[in-house]
Asks: 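Below: one structure in structure tokens.
Values in this document were obtained by computation on a predicted structure and should not be read as measured data. FYI, the numbering just counts along the sequence from 1.
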Amino acid sequence: MPITPATATHSSSNGTAEAILLELVDEDGTTIGTAEKLTAHQPPGQLHRAFSVFLFDERGRLLLQQRALGKYHSPGVWSNTCCGHPYPGEAPFAAAARRTYEELGVSPSLLAEAGTVRYNHPDPESGLVEQEFNHLFVGMVQSVVRPDPEEVGSTAFVTAGELVERHAEDPFSAWFMTVLDSARPAIRELTGDSAGW
């Protein structure tokens, strides 16, 4: 795994893991403080900044990832290309590009903002709560995906029709349809009407 700000700062010089801090925000998305990651996800959840990335290939297929089984939150479920949380003070765009590379080993050839969405999704399996102000991004991927197995269990490129079938059969993250539906206008602009998104 490459050494990046994300991987380099999570262990201190004495070998203990440092707390990962998230940016807490108000209903308008204005930063109001920070909280430790797990604490922010404990019920009822603290509203915090997040991002979701949707990358497509040149055929208009969406790159999905199956979250690694070792994840403490929503392990083994399918979700959008990449999602996560900016560090306090980190721009959501920069965080989205960083995590896409860290998780999937690719840098988007195009990445554009696609709006924001605010949601509250409890996860019945873990008991954790996704109380998020989520920045959405859509883009293109044109290089070979090289997932980090600690982050990603599997990947798949799917058409809009294949996604409907897969979503009916496989477990997906609680937030997936919310972020997908919110990003659809930008996705259609990127992929064109014929892709069916």
Side-chain angles (χ1 to χ4, degrees), residues 1-2 4 6-7 50-86 91-117 119 121 123 125-126 130 132 134-197:
M1 179 172 20
T4 67
T7 57
F51 64 83
S52 290
V53 177
F54 296 85
L55 295 183
F56 295 82
D57 66 9
E58 292 172 341
R59 294 167 49 192
R61 298 181 304 167
L62 171 61
L63 174 59
L64 295 177
Q65 73 153 275
Q66 185 180 35
R67 293 166 62 84
L69 291 174
K71 293 259 192 183
Y72 77 92
H73 187 358
S74 302
V77 302
W78 287 90
S79 199
N80 48 293
T81 308
C82 180
C83 53
H85 309 93
F93 184 93
R98 171 179 59 78
R99 284 303 289 162
T100 299
Y101 182 78
E102 290 171 353
E103 291 188 7
L104 296 161
V106 295
S107 295
S109 57
L110 170 74
L111 192 63
E113 294 182 19
T116 60
V117 61
Y119 54 79
H121 285 301
D123 176 34
E125 293 293 319
S126 67
E130 288 291 359
E132 295 186 330
N134 198 306
H135 297 256
L136 307 172
F137 299 93
V138 301
M140 301 286 295
V141 60
Q142 296 176 302
S143 52
V144 176
V145 178
R146 294 183 174 86
D148 176 352
E150 291 187 16
E151 300 284 350
V152 180
S154 188
T155 60
F157 281 97
V158 296
T159 65
E162 289 166 345
L163 176 62
V164 171
E165 294 173 10
R166 186 180 285 259
H167 193 263
E169 296 172 3
D170 296 331
F172 272 72
S173 63
W175 61 87
F176 176 74
M177 286 309 297
T178 300
V179 292
L180 174 64
D181 286 344
S182 297
R184 280 187 198 273
I187 291 171
R188 289 189 191 109
E189 189 174 327
L190 176 72
T191 62
D193 292 338
S194 62
W197 294 102

Asks: Using atom types as modelled, flag every donor-acceptor pair under 3.5 Å from a side chain in residues 164-174 to any protein atom, sequence neighbours excluded.
Replies:
from: Ser173; atom 1: OG; to: Ser79; atom 2: OG; distance (Å): 2.8
from: Ser173; atom 1: OG; to: Trp175; atom 2: NE1; distance (Å): 3.4
from: Ser173; atom 1: OG; to: Phe176; atom 2: N; distance (Å): 3.4

Asks: Taking ring pair (Phe, Tyr, Trp, His ring centres under 6.0 Å) as the test, write out the residues that go with Phe54, two or more places apart.
Replies: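 Phe54 satisfies ring pair (Phe, Tyr, Trp, His ring centres under 6.0 Å) with no residue once adjacent residues are dropped.
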
Asks: Write out all pairs satisfying salt bridge (Lys or Arg N to Asp or Glu O under 4.0 Å) with one or both partners inside residues 182-197, taking only residues at least two apart or from two chains.
Replies: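 Only Asp181-Arg184 qualify under salt bridge (Lys or Arg N to Asp or Glu O under 4.0 Å).
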
Asks: Nearest 0.5 Å, what's the CG-OH distance between Asp148 and Tyr101?
Replies: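 So the CG of Asp148 and the OH of Tyr101 are separated by 11.0 Å.
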
Asks: Is there a side-chain contact between Ser126 and Lys71 (heavy atoms, below 4.5 Å)?
Replies: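 A side-chain contact under 4.5 Å is absent here.
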
Asks: Restricting to salt bridge (Lys or Arg N to Asp or Glu O under 4.0 Å), what partner residues turn up for Asp123, sequence neighbours left out?
Replies: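 Testing Asp123 for salt bridge (Lys or Arg N to Asp or Glu O under 4.0 Å), a comparison that skips the adjacent residues, returns none.
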
Asks: Once rounded to the nearest 0.5 Å, what's the spacing between atom CD1 of Ile187 and atom CG of Leu180?
Replies: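 Here the interatomic distance stands at 5.0 Å.
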
Asks: For the residue pair Gly76 and Leu69, what are the closest heavy atoms and their distance?
Replies: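 Smallest heavy-atom distance, with atoms named: CA-CD2, 3.7 Å.
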
Asks: Kindly write out the residues that satisfy side-chain contact (heavy atoms from CB on, under 4.5 Å) with Glu113, not counting sequence neighbours, or none if the list is empty.
Replies: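 By the side-chain contact (heavy atoms from CB on, under 4.5 Å) rule, Glu113 matches Phe137.
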
Asks: Is the backbone of Tyr119 close enough, under 3.5 Å, to the side chain of Asn134 for a donor and an acceptor to pair up by distance?
Replies: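 Judged by distance alone, no pair lies under 3.5 Å.
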
Asks: Does some side-chain heavy atom of Cys83 sit less than 4.5 Å from a side-chain heavy atom of Val179?
Replies: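 No, too far: nothing below the 4.5 Å cut-off.
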
Asks: Does Ala160 have any side-chain contact (heavy atoms from CB on, under 4.5 Å) partners at least two apart in sequence or in another chain, and if so, which?
Replies: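 For Ala160 the side-chain contact (heavy atoms from CB on, under 4.5 Å) partners, ignoring immediate neighbours, are Trp197.
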
Asks: Under the side-chain contact (heavy atoms from CB on, under 4.5 Å) test, which residues partner Ser109, sequence neighbours left out?
Replies: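 Residues passing side-chain contact (heavy atoms from CB on, under 4.5 Å) with Ser109: Met140, Gln142.
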
Asks: Taking side-chain contact (heavy atoms from CB on, under 4.5 Å) as the definition, give me every residue that meets it alongside Ala186, ordered by chain and number, with sequence neighbours left out.
Replies: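 Applying side-chain contact (heavy atoms from CB on, under 4.5 Å) to Ala186 gives Ala114, Val138.
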
Asks: Check Ser74 against Arg67 and note the closest heavy-atom contact, atom names and distance.
Replies: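 Looking at all heavy atoms of both residues, the shortest contact is O-NE, 3.0 Å.
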
Asks: With sequence neighbours left out, what residues match Glu103 under side-chain hydrogen bond (donor to acceptor under 3.5 Å, both in side chains)?
Replies: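 Scan of Glu103 (side-chain hydrogen bond (donor to acceptor under 3.5 Å, both in side chains), adjacent residues dropped) gives Gln65, Arg99.
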
Asks: Residues in salt bridge (Lys or Arg N to Asp or Glu O under 4.0 Å) with Arg61, at least two apart?
Replies: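 Salt bridge (Lys or Arg N to Asp or Glu O under 4.0 Å) check on Arg61 returns Asp57.
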
Asks: How long is the gap from OG1 on Thr100 to CZ on Phe51, to the nearest 0.5 Å?
Replies: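 It comes to 6.5 Å.
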
Asks: What is the minimum heavy-atom distance between Val158 and Glu162, and which atoms define it?
Replies: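 The pair with the smallest heavy-atom distance is CA-OE1, 3.4 Å.
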
Asks: His85: what forms a ring pair (Phe, Tyr, Trp, His ring centres under 6.0 Å) with it, not counting sequence neighbours?
Replies: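 Partners of His85 by the ring pair (Phe, Tyr, Trp, His ring centres under 6.0 Å) criterion, ordered by chain and then number, come out as His41, His48.
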
Asks: Provide the closest heavy-atom pair for Leu110 versus Leu55 in the form atom of the first, atom of the second, distance.
Replies: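 So the minimum-distance heavy-atom pair works out to O-CD2, 4.4 Å.
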
Asks: Taking side-chain contact (heavy atoms from CB on, under 4.5 Å) as the criterion, tell me which of Leu104, Leu64, Thr81 meets it with Thr155.
Replies: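 Testing each of Leu104, Leu64, Thr81 against Thr155, the sole residue satisfying side-chain contact (heavy atoms from CB on, under 4.5 Å) is Leu104.
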
Asks: Which heavy atom of Cys82 sits nearest a heavy atom of Asn80, and at what distance?
Replies: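 Shortest heavy-atom contact: O-ND2, 2.9 Å.
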
